[in-house]
Amino acid sequence: MINKYPGSCGTCRRRVEAGAGQLIRRGVGWTTYHDGCAPVVTAPPPGTHHGWHELPVVGFDIETTDNEPLDARIVSAALVYSDGTTARWLINPGVPIPPRTTEIHGITDEMARSDGRPAGEALAELGAAVGKVIADGTPLVAFCAHYDVTTLHAELARHALPPLDWDRALIIDPSILHQEVEPGWYGSQKLGDLCRYYEVQLSSAHDATSDARAAVGMALSIAARHERIARMLPDDLHRAQVTWYAAQKRKLQAYFDRQGRDERVSLEWPLETRRRR
C-alpha cells in the first residue's frame, strides 16, 4: 500500500516522502520502501499435489455501466474455455454508458451503438452459454463472482429471459480463495496486483476476455500452491466459499463500523438479492 507517512527506506535507507513509496508488512511490523527498492513478494511455490486445478474450468467476466449489480447493464462479456477457445460479446445496453465506467473499460456509447449486439439478443446467447456450463457441471471461475452473477441474473430478468439455475452452479472465486489462504494480507486486492503476486499474466485489465483468463490463472495458481484448496471437490469448495465469503465480509463490516463509515456489506454469495446502496 502507499505510505501515508514519511520514513526511511528499508533497502537504501534514504528518506521516503509521504505518499511517494510503499508500506509493506514484514513479519509482525511494517517497512517503508521507495517504489524501486521494494522487494518483490510472490506466493509460495507450487506443489506436486493433484486436484481440481488439473480439470477443465471456464472463466467468466463482464464489463458494465454501474458498480451496483442490480442496476448495471452489461456492455461486454467473455467466457474462456480450457481448450483455449473464447466466446465474446459486445453489447449495446440501450442506455448511456457513464463516462466514469468508460474510463475503466474503454467502451464508449459510440462503440456500443455501432458494433454492439442488441442487449436482448446477446444476453440470450450469454445466458444459454453460461447455462450450459452449469448443466455440464464445469466450474465457472469469476473474480468477485458475486458481482458478475448478480448482474447477469438481473439482466436476464430485465429482458424477460430464462433465469439460470445458480443453485446448481459450481463457482470458484479466486478473490475469496486468496483471502482464505492469506488471512493476514494487507496489500491491494485488485485483480492486477494479485496476478503479480501469483505470477499470472493479465494482458489488459478491464477487458472481459483478459480478466476472465486471468481469473482462471489465479484460481489455478492458488490451488497449485495450497493443497488444502486443491483437494476439495468443486461442490464442497463452492459451499465452503459461501461460508468463507460471509466471514470475510463480516470482518470488513466490523472495520467500517470502527471507522464510523455508514456502509453496509452484503454477506450473500454468489447471488445478491438486495441493493448495496
Determine whether a donor-acceptor pair (N or O, by modelled atom type, separation under 3.5 Å) exists between the side chain of [X] and the backbone of [Y].
| X | Y | answer |
| --- | --- | --- |
| E272 | H146 | no |
| W52 | I229 | yes |
| H105 | I107 | yes |
| E268 | T273 | yes |
| E54 | G51 | yes |
| S82 | V57 | yes |
| S8 | R13 | yes |
| D109 | I97 | yes |
| H49 | A223 | yes |
| H153 | L164 | no |

Gap between atom [atom2] of [Y] and atom [atom1] of [X] - 0.5 Å precision:
| X | Y | atom1 | atom2 | answer |
| --- | --- | --- | --- | --- |
| D257 | E263 | CG | CD | 10.0 Å |
| Q22 | H34 | CD | NE2 | 11.0 Å |
| T150 | R275 | OG1 | CZ | 11.5 Å |
| H53 | E227 | NE2 | CD | 9.0 Å |
| L90 | S114 | CG | OG | 8.0 Å |
| K132 | T138 | NZ | OG1 | 7.5 Å |

[X] and [Y]: side-chain donor and acceptor closer than 3.5 Å?
| X | Y | result |
| --- | --- | --- |
| S221 | E199 | no |
| H178 | Y198 | yes |
| D193 | Q189 | no |

Considering all heavy atoms, the nearest [X]-[Y] contact:
| X | Y | result |
| --- | --- | --- |
| L170 | P234 | CD1-CB, 4.0 Å |
| A122 | R117 | CB-CB, 3.8 Å |
| I176 | Q248 | O-NE2, 3.2 Å |
| L161 | G120 | CD1-O, 3.8 Å |
| D173 | A145 | OD2-N, 2.8 Å |
| I134 | D165 | CG2-O, 3.7 Å |

Partner of E180 under side chain to side chain donor-acceptor pair (under 3.5 Å), picked from R228, H226, Q241, is R228
ILVMFWY cluster, [X] and [Y] together (side-chain gap under 4.5 Å):
| X | Y | answer |
| --- | --- | --- |
| W269 | V265 | no |
| L267 | L70 | no |
| L55 | L140 | no |
| V181 | Y245 | yes |
| F143 | L271 | yes |

Please assess Y255 against R261 for the test side chain to side chain contact (heavy atoms under 4.5 Å, CB included), listing each intermediate value before the final yes or no.
CA-CA 9 Å; Y255 170 77; R261 292 164 59 173; 3.8 Å; yes
[X] side chain near [Y] side chain, heavy-atom distance below 4.5 Å:
| X | Y | answer |
| --- | --- | --- |
| V75 | T65 | yes |
| T31 | I24 | no |
| V216 | Y81 | no |
| P93 | I74 | no |

Could you walk me through whether R88 and D61 satisfy the salt bridge (Lys or Arg N to Asp or Glu O under 4.0 Å) test, starting with their C-alpha distance in whole Å, then the side-chain angles of each, then the deciding distance to 0.1 Å, before giving a yes or no?
CA-CA 10 Å; R88 309 172 185 174; D61 188 72; over 6 Å; no
Do other residues, nucleotides or ligands put more than 12 heavy atoms under 6.0 Å from [X] [atom1]?
| X | atom1 | answer |
| --- | --- | --- |
| Q259 | CD | yes |
| L252 | CG | yes |
| D136 | CG | yes |

Decide yes or no on ring-ring contact (aromatic ring centres under 6.0 Å, His included) for Y5 and W30, but give the supporting numbers first.
CA-CA 12 Å; Y5 306 101; W30 295 84; over 10 Å; no
Walk me through whether Y147 and T64 qualify under side chain to side chain contact (heavy atoms under 4.5 Å, CB included).
CA-CA 10 Å; Y147 180 84; T64 71; 2.4 Å; yes
In sequence, state the C-alpha distance, the side-chain angles, and the governing distance for L152 and D148, and then conclude on side chain to side chain contact (heavy atoms under 4.5 Å, CB included).
CA-CA 6 Å; L152 178 57; D148 301 70; over 6 Å; no
Check each of R73, E121, M111, R113 against N92 using the side-chain contact (heavy atoms from CB on, under 4.5 Å) test, and report the only one that passes.
R113
Is any side-chain N of the basic residue among R168 and D235 closer than 4.0 Å to the acidic one's carboxylate O?
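No.
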Is any NZ, NE, NH1 or NH2 atom of the basic residue among E155 and R158 found under 4.0 Å from an Asp or Glu carboxylate oxygen of the other?
yes
As a quick check of understanding, evaluate side chain to side chain contact (heavy atoms under 4.5 Å, CB included) for V80 and V141, giving each step before the final call.
CA-CA 9 Å; V80 175; V141 179; over 6 Å; no
